[in-house]
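For reference, the structure is listed below as structure tokens.
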Amino acid sequence: MVRDQSGHYALSRRTLLGSVGLACLSVGAGGSVVAAAESDYGTVVDIEEAGADSSGGEPIDDVFDDVKGDDTLVRFPEGTYRANRLIIYQLTNFAMVGEGDVRLVPGDDYDPDLWLAGAETRDVHIENFTFDHRGDDVSPQVDIGVHDGLVFRDITKIGSHDGGGPAVGLNIYDGGSALVERYVATDGGQSVGFYASGGGSLTVRDSHLERFADNGLYVSNLGGSVTVDGGIYRNNNVAQIRVGSPNSVVSGAVVEVDKPLPLPEDEPRNMRGIRIADGPGPVTIENCDITMKDSDGTGGIVGAYSGGSFDVTDTRIYIGADYTTIGSDGARTGYGIFVDQATAADPGTRTFDGVSITGGGTYRSAMVLRRDGNTVRNCCLEQSGTGRDGIVFVDSTNNTVVDSTIDVTDDPIREVGESSVETSAISTSGSCPLPSSSGGDSGTAVSGETGTVRTDQADAGEWHSVSLQGQYSRPVAFANPITYEGPHPCDVRLRNVGSERFEFQLEEWMYLDSGEHWTETAHYLVLDDDVTSVGGLTAEVGTVQTNNQFSGVDFDQSFDTTPVVLSQAQTVVGSDPITTRLQNLDADGFTVRLQEEDGEEHGGYHYIETVGYVAIEPGTGSFEDQQFEAGRTPEAVDDGWYTIEFENDYDDPRFLADVQTYNGWNSVVVRYRNLTSDSVEVFLQEDQSEDAETSHYEERVGYVVVESA
């Protein structure tokens with residue numbers, strides 16, 4: 001959960017934020033993306049030069065109305081723009097494109113239903129904006145009617161959406177098409193994350209929706225085909241992805257339910273994965289990773305009463321023991337695949353080819369099929385626990401199960417009622433592949449690891465890669481501070497933090513030279529973001545989206561005292577050097593911002609980055625069989641060297657640290673030297689981009705020290 005400066009609480013996880021250049025794009029036949037130059041527009045307008053306030057003070061509605069039009073590209077230079085009602089009704093070949101970090105903020109008199117809206121549009125492009133909807137009861141809606149050619153790209157929505165309508169809604173008219181690419185909305189809300197209807201077709205690519213109470217991606221009411229290409233869909237109620245129209249495809253998506261969504265008492269919780277509903281299909285689901293760990297729900301893939309034919313190929317499903325069926329009070333584990341009776345659709349047919357269902361728990365089954373006409377081949381079902389069946393056919397005939405492994409604790413195949421199935425080449429012993437995101441029981445996923453890197457930096461463009469020992473589902477990495485061998489202020493910048501590796505560089509401030517830096521040593525810590533304890537100490541790992549303004553984190557864990565917090569940017573969306581700064585740290589949470597150098601000419605504005613954090617209860621313990629401790633300096637630290645005495649002695653210790661307070665506003669990094677088995681020296685190093693002095697107010701420093709293997 002995130003806490004902003006006004007005290008509003010919202011939910012946040014990691015973001016998939018892409019950047020966009022100045023050229024616009026258009027959608028050609030079949031949804032392919034075709035590059036277009038400024039020459040494709042008769043008029044190109046800089047909205048700031050036209051009189052729009054880029055500081056977020058005055059609404060831009062009147063200026064926008066003056067400059068919008070057919071055959072027009074409207075540029076939004078970096079800044080914050082306040083808007084009450086932006087209408088694009090009947091516009092053709094129109095583009096509004098942000099340049100850099102551009103925020104659209106609702107004004108005091110914003111229209112909740114028509115904040116950004118317009119029917120009967122054609123070839124409209126909306127690209128590279130952050131919709132900043134944080135604050136109490138702030139839920140502006142995007143509502144667009146499309147003849148053809150809409151491109152909605154690189155849009156990040158921050159703030160919970162609790163209004164009556166969806167956060168983004170499209171009506172795509174018969175024969176039309178739209179492309180939604182890298183739409184990110186991870187703060188959720190009491191509504192729908194994305195909704196589309198009408199007779200047209202839609203492509204949704206590399207998007208990320210989390211924690212919506214009424215479906216994440218709700219696109220089953222379209223008459224044309226839907227293509228969902230990649231992306232992350234996590235912890236939404238009803239369904240993560242809901243499709244059903246003819247010739248639709250879900251490919252390469254990551255679907256997860258690992259935390260129950262808090263809902264009003266009178267609202268049922270049924271957190272399904274991919275739901276086929278509201279249309280005849282056929283729908284193809286291919287190469288997806290589906291992980292259902294915790295909550296009430298019907299299944300990882302659900303054929304609803306209103307859904308038709310579908311096929312599933314090369315897809316991995318994990319069902320955890322805490323993902324339980326509706327109404328069982330947690331006593332019965334949910335299904336990997338559930339196909340209900342077709343009471344509002346043609347029953348159709350289904351083929352499952354190359355599907356893996358792992359995990360298990362208590363009772364029920366990996367698959368339950370309540371319709372005729374199912375083919376299961378080349379599949380692998382492995383269920384642990386008590387009374388877990390493999391495939392249960394309920395009043396279901398004309399079924400085939402061939403060339404498959406079904407290793408379960410009860411019946412591999414069970415027929416209930418008027419059912420029949422032909423089987424051949426069935427093995428009852430084997431091991432099945434897990435989803436890459438499950439962190440399940442394969443033994444390859446680990447809670448965390450530490451290591452040491454030592455390198456110099458040739459220039460600002462050089463990056464170094466670190467290979468990890470374990471594989472992680474959603475890793476968060478930390479690698480500060482560095483030693484004090486080169487005198488220029490410097491810390492570690494991370495990017496491409498992944499399940500098997502991350503990249504880093506030694507990042508100097510811009511006012512210095514070309515980025516060359518002496519050889520330094522840093523230690524790193526990598527943890528999965530579902531970690532809840534480290535060595536017996538309460539801990540929480542997560543991410544939050546922020547830029548140069550403070551954003552808040554409210555801990556899900558219950559800390560008895562103020563924890564030690566390490567924070568570090570995980571991404572490089574904005575290339576200017578940054579460090580993170582913490583404020584208002586207590587047992588309930590903290591706020592964090594990105595800080596550029598003091599003399600940055602644009603006032604320190606920075607793109608939204610994903611910032612990782614780990615909060616650990618102060619004390620000592622054992623991390624991956626090695627001693628460790630988390631602590632905070634008993635006294636404040638400034639620009640003079642300060643000695644931290646460890647509670648224990650450590651062989652070849654690894655040391656990480658972060659400033660815990662915000663007493664001095666100047667940009668500052670921690671540096672260390674003389675790391676021994678029982679102590680280390682640290683100081684706070686300011687930059688000199690604005691002035692020569694480097695004295696800094698006293699701050700508290702938090703640290704983690706881990707004995708190496």
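Computed from a prediction, not measured in an experiment: that's the story for all the values here.
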In terms of side-chain geometry, is the basic nitrogen of [X] or [Y] positioned less than 4.0 Å from the acidic oxygen of its partner?
{"X": "D229", "Y": "R205", "value": "yes"}
{"X": "E256", "Y": "K293", "value": "no"}
{"X": "K259", "Y": "D556", "value": "yes"}

[X]: which residues meet the side-chain hydrogen bond (donor to acceptor under 3.5 Å, both in side chains) condition with it, sequence neighbours left out?
{"X": "N378", "answer": "D353"}
{"X": "R275", "answer": "none"}
{"X": "Q557", "answer": "none"}
{"X": "T362", "answer": "none"}

With sequence neighbours left out, which residue pairs that include part of residues 160-206 fulfil the disulfide (SG to SG under 2.5 Å) condition? none
Residue pairs passing the disulfide (SG to SG under 2.5 Å) test where at least one lies in residues 272-388, sequence neighbours excluded: C380-C432
Is there a donor-acceptor pair under 3.5 Å between the side chain of D289 and the backbone N or O of V254? no
Quick check: does any side chain N or O of Y323 sit under 3.5 Å from a backbone N or O of G360, one acting as donor and the other as acceptor? no
Counting C-beta onward and ignoring hydrogens, is there a side-chain heavy-atom pair between N237 and F212 closer than 4.5 Å? no
Within the 4.5 Å heavy-atom criterion, are L527 and V476 side-chain neighbours or not? no
Under 3.5 Å, side-chain donor or acceptor atoms of residues 334-346 against the rest of the protein: list the pairs with distances, not counting sequence neighbours.
| residue | atom | partner | partner atom | Å |
| --- | --- | --- | --- | --- |
| D346 | OD1 | G348 | N | 2.9 |

What residues, two or more places apart in sequence or in another chain, satisfy side chain to side chain contact (heavy atoms under 4.5 Å, CB included) together with P280? P246
Does Y173 have more than 12 heavy atoms from other residues, nucleotides or ligands lying within 6.0 Å of its OH? yes
Around atom CD of E418, are there more than 12 heavy atoms of other residues, nucleotides or ligands at under 6.0 Å? no
Residues two or more places apart in sequence or in another chain: which of them pass ring-ring contact (aromatic ring centres under 6.0 Å, His included) with [X]?
{"X": "Y218", "result": "Y195"}
{"X": "Y110", "result": "none"}
{"X": "F194", "result": "none"}

Quick check: closest heavy atoms across G359 and Y318, and the distance to 0.1 Å? CA-CE1, 3.6 Å
Shortest non-hydrogen contact between V192 and G216, atoms and distance: CG1-O, 4.2 Å
Apply salt bridge (charged side-chain N to carboxylate O under 4.0 Å, His left out) to D389 and list each qualifying residue two or more places apart in sequence or on a separate chain. R414
Does a side chain donor of either D372 or T397 reach within less than 3.5 Å of an acceptor in the other side chain? yes
